[in-house]
Structures are given as C-alpha cells and as structure tokens.
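Below is one structure; the comments refer to it alone.
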Number of protein chains: 2
Amino acid sequence: MATASNTQRLFQQFEPELLKKVQQVGLVRKFKAEEYLMQTGQQIRSAVLVLDGVIKVFREDDEGNEVFMYNLHPGEACAISMTCAARQLSSQIMAKALVDTEVLAIPVELMDEWALKYRSWYQFVLETYRSRFEELLDTLDHIAFRNLDERLLWYLKQHQKSLKSNFIKTSFTDIALELNSSREVISRLMKKLAEKGHVKLHKNEVEILHLKM
Amino acid sequence: MATASNTQRLFQQFEPELLKKVQQVGLVRKFKAEEYLMQTGQQIRSAVLVLDGVIKVFREDDEGNEVFMYNLHPGEACAISMTCAARQLSSQIMAKALVDTEVLAIPVELMDEWALKYRSWYQFVLETYRSRFEELLDTLDHIAFRNLDERLLWYLKQHQKSLKSNFIKTSFTDIALELNSSREVISRLMKKLAEKGHVKLHKNEVEILHLKM
DNA sequence: CGTTGGGCGTGATATGCATCACATGGGGGG
DNA sequence: CCCCCCATGTGATGCATATCACGCCCAACG
C-alpha cells in the first residue's frame, strides 16, 4: 500500500503543512488479523490513526468477560490513545485488529504542539472524541435497553458495515463472548434469524442476507 | 457566593490571563435542584463549567427509560457540551441539577480560540474528555457485568460521594427509574441491605451507614 | 483409520428480575 | 377528622437468559 497517498486521501481535512508533518513523523505499524494493538494496563506512548483495516476496541473484566465498545476504521483515531498518551496514563481497554491493519503512530509530544498550531488538528481531536463518545453511548443504550436478539442484530450490522462484507467468519462461541452471553443462546437466536430469512448459516460463518432495521 | 474567587479556586490550573478571560466572558447561570440544564435534542451553544452543586448527566430513550452516565462536580466540565457546541450539533443527553447549582457558560466561539492560544485550556478540554470517558466506561462495566444489587450499592456510593452526605432523599420509584428497574425490586434489595446493616431506611430517605467495597 | 477436539443443536432446569395484584401506613388538605 | 395520595411491603406469576447435560458432525492428525 502506498501509505503517503493513502494518508492524504484519508486526512484531507488537515492543512497541507500538517499533513506533511504527519507523513514525516508518523510511524507506520502493521498488525495481522487477530493481533492485539493494546491491552489493559499497557502504557500508551502515541496517538493512533487508522490507515487501513478495522480495529475492535473493547473492555475486559477480571473474569475475562468483555464488552464491545466500537470499531475503528481508516481515517479515524483512537480517542483513548490520545488522552492517555497526553497524560502518560495506562489504558483500561483492549484493542485488537479484526483484519490485517495498518496504523500511523504519532508521538505524544507532537500532539500538544500541533493542537496549539494547527486548527485542523485540534478539530480532528475534538471530532474523534465526539464520535467515540457517541458510539460508546450507542453501545450503552443497546446494553441497557435492548434484548439479546436486538443486540445480536446490531452486532451483525456493525460487522457488516466495518468489514464491508456480508460474510462474518466468527464462531458462535466468540459472538457469545462479545455479547456477554452464552453459545447456546446465540445458537438458538441465530436459528430464529435464519428462519426469518435474515441470515444463512454456514460452517464457521454467518452470511447476512438482509437485516431490516 | 463570590463567583470570582470561586472560579479562581476551582480552575487554578488555568494561566492567569485565561482565568481572567474566563471570569470576564463566562456567563453565570443558576439552576434550582431538579431543574433541567439540557434535554435530548436541544441545541447546545456554549461549554459548561460547573462552579457549584451537582449535575446528573444521563440518557433517556423513547419510552422514558433512563441510563445514568455520570455526575458533574465543581471544577469539572461537560464534555458533551464542548463537542456539540464546537460543531453546532444537538445533544443526545439530558442534564439535571441534583441540588442548587451554578455553572459558567463559555460561548462556543471562544473555545476554539482559546484552544489555539492557551495550553492550559487545551489540557483542560482533553482532561475533561478523558475523565468523562472513563466514567462512562465505568458505568458501562456496571450495566454489562453487575447484578442489580451491586449496581444499587454503586448508585448509593455515587450519591454519597457526589452529595457529600450519608442521607439520600430519593424515593425508591426514582431509584428504580435510574437503574432501569422497578420499585418493587429496589424495595426488596433495600430491605436486604438494611438487614445487612449497610443502610437504614427512613421515610423518603435512605441513610448510608457503611458501604464496604 | 480411529481418535480427539472444536463447533454446533437441543432439551431440561435454574435464576434474576419484571410485572401484577393487593395490603399497609403516614401525612397533608379539605 | 376523615379521606386520599403517595411511598412502601409482599406474595404470585411470567419471561429472558444462563447453565447443565448430552449428542452430533466434521476435520485434523497420529
């Protein structure tokens, strides 16, 4: 992948001078699918901009239960990395590449400098927070108010959108883990969805036919 | 209340020049207990800094169910107001004064200007986001992982801390609404807490004796 | 080629909580 | 002073989901 032109395309809103600097100082890091970018307790040293792929950001408790927070896509940035980096704090979250992924790491020192210098950077940081916050609220809504069948539909829609594909290669066990449920329950709900014609079940894979809102 | 000296005490980290400006342009607004500062769908025109009192920030769905997000205290700011103001968007949340409350409203135009000019303002905005984000994650954890009895304890602890008082004057009906439960269930759980000696129940009031973590 | 393990389907049962139905008791207004 | 409203207590019942127990299928691998 031609990272330079890619960066330019993804971050058009940056002033030319800022864009140039981003390309100069940003460290490109690649991650394989399933690889962890960040784990609970780990120190964060740089802000992360996504160039390619999808990153799942989630939270895990002591017993290994997880809560999905949101996915990050090209052109987006990790809000957590920004604040934690800025204050040298450790993160309380996990981040994992869903597919092969490429990110740009911006050293923390520059973040502050840029914020004071480039309006577009400051706007970008704010916008990053705003969107992550909204996404987190959306997640909260679903967990608080929706039943598992609706949350499963939501899960499928998220993945369809993030992966830009109607085929989701995940075991029911993993889906259950992500929704804080159990395999058996997901199995039964999936069967219902299949009966209603929303999905088609394959071995180790769910095909999304049409998910009405 | 002497607002000027109060502002100074609460926002010591601001550069003197910034502090002066904040005092000059900030509009002091007072709210009575139970009054709403912000409602879903309402347009936000200014960033809100809390001077005195406690503000409950929460989300409400179509059917009137609510999810508690976090409380705001003196010296803190509403992250939502900052981003929404900056982008002229409407909020998706509700904010309500728990007690008589005083806030400082900063016109949106100045936010951007200050961010480029004062390092301490930028830091403050970032820190505001970081803390709200963490609090929201904590809430998410509780809703996702904890049973109602633990969430009730958490609710009591939050109020104890926010109100700096061991007496919570709220009906079980209201507590139930906030925890997305029902009066009857709260009633039974409270009885258990009382039996264990954690609380003492009075008419229209809960006295917190000791809440062990 | 048999064994093993992982992913899945399905019934039975348990549990946490919501909901319904109704009782009690106190406080304020007519 | 009586009545009624409101906060609360409590049993019965129902629903969504978790958990347990078991069996099936298929693929990998010795």
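A, B, ... follow the sequence lines: proteins, then strands. Residue 1 opens every chain.
A side-chain donor-acceptor contact under 3.5 Å links B:Thr139 to the backbone of B:Glu135.
Between B:Asn71 and B:Gln158, the side chains place no donor N or O within less than 3.5 Å of an acceptor N or O (distance only, hydrogens not considered).
Between B:Ser171 and B:Arg188, the residue anchored nearer the 5' end of DNA chain D, judged by the nucleotide with its closest heavy atom, is B:Ser171.
Counting to the nearest Å, the P atom of D:dA16 and the CZ atom of A:Arg151 are 15 Å from each other. A:Lys192 has its NZ atom 14 Å from the P atom of C:dG9, to the nearest Å. Note: CG (B:Leu177) to P (C:dA18) measures 12 Å, nearest angstrom. Rounded to an integer number of Å, the gap from B:Asp149 CG to C:dC17 C1' is 11 Å. In this structure, the CG atom of A:Leu152 is 12 Å from the P atom of D:dA18, given to the nearest Å. Distance, A:Ile186 CD1 to C:dC8 P: 11 Å, rounded to whole Å. Rounded to whole Å, the distance from CG on A:Asn65 to P on D:dA18 is 11 Å. Straight-line distance from the CZ atom of A:Phe172 to the P atom of C:dT10: 11 Å, rounded to whole Å.
In this model, the phosphate group of C:dG9 is approached by a side-chain N or O of A:Ser187 to a distance below 4.0 Å at OP1 or OP2.
Ranking D:dA16, C:dG9, C:dC17 by closeness to the A:Asn147 side chain, first place goes to D:dA16. Among C:dG25, D:dT10, C:dT19, the nucleotide with an atom closest to any side-chain atom of B:Lys191 is D:dT10.
The residue A:Asp174 sits apart from the nucleic acid: no heavy atom pair falls under 4.0 Å. Across all strands, A:Asn180 comes closer than 4.0 Å only to sugar-phosphate atoms, never to a base (heavy-atom distances).
A perpendicular orientation is assigned to the rings of B:Phe68 and B:Trp154, their planes being inclined by more than 60° (bins at 30° and 60°).
Classification of B:Lys169 and B:Glu205 as a salt-bridged pair fails, no side-chain N sitting under 4.0 Å from a carboxylate O.
No hydrogens or angles were tested; on distance alone, a donor-acceptor pair under 3.5 Å links the side chain of A:Glu184 to the base of D:dC20. For C:dG9, the base has a donor-acceptor partner in the side chain of A:Arg183 [N/O atoms by modelled type, under 3.5 angstrom].
The local environment of CD in B:Glu184 is crowded, with over 12 non-hydrogen atoms from other residues, nucleotides or ligands closer than 6.0 Å.
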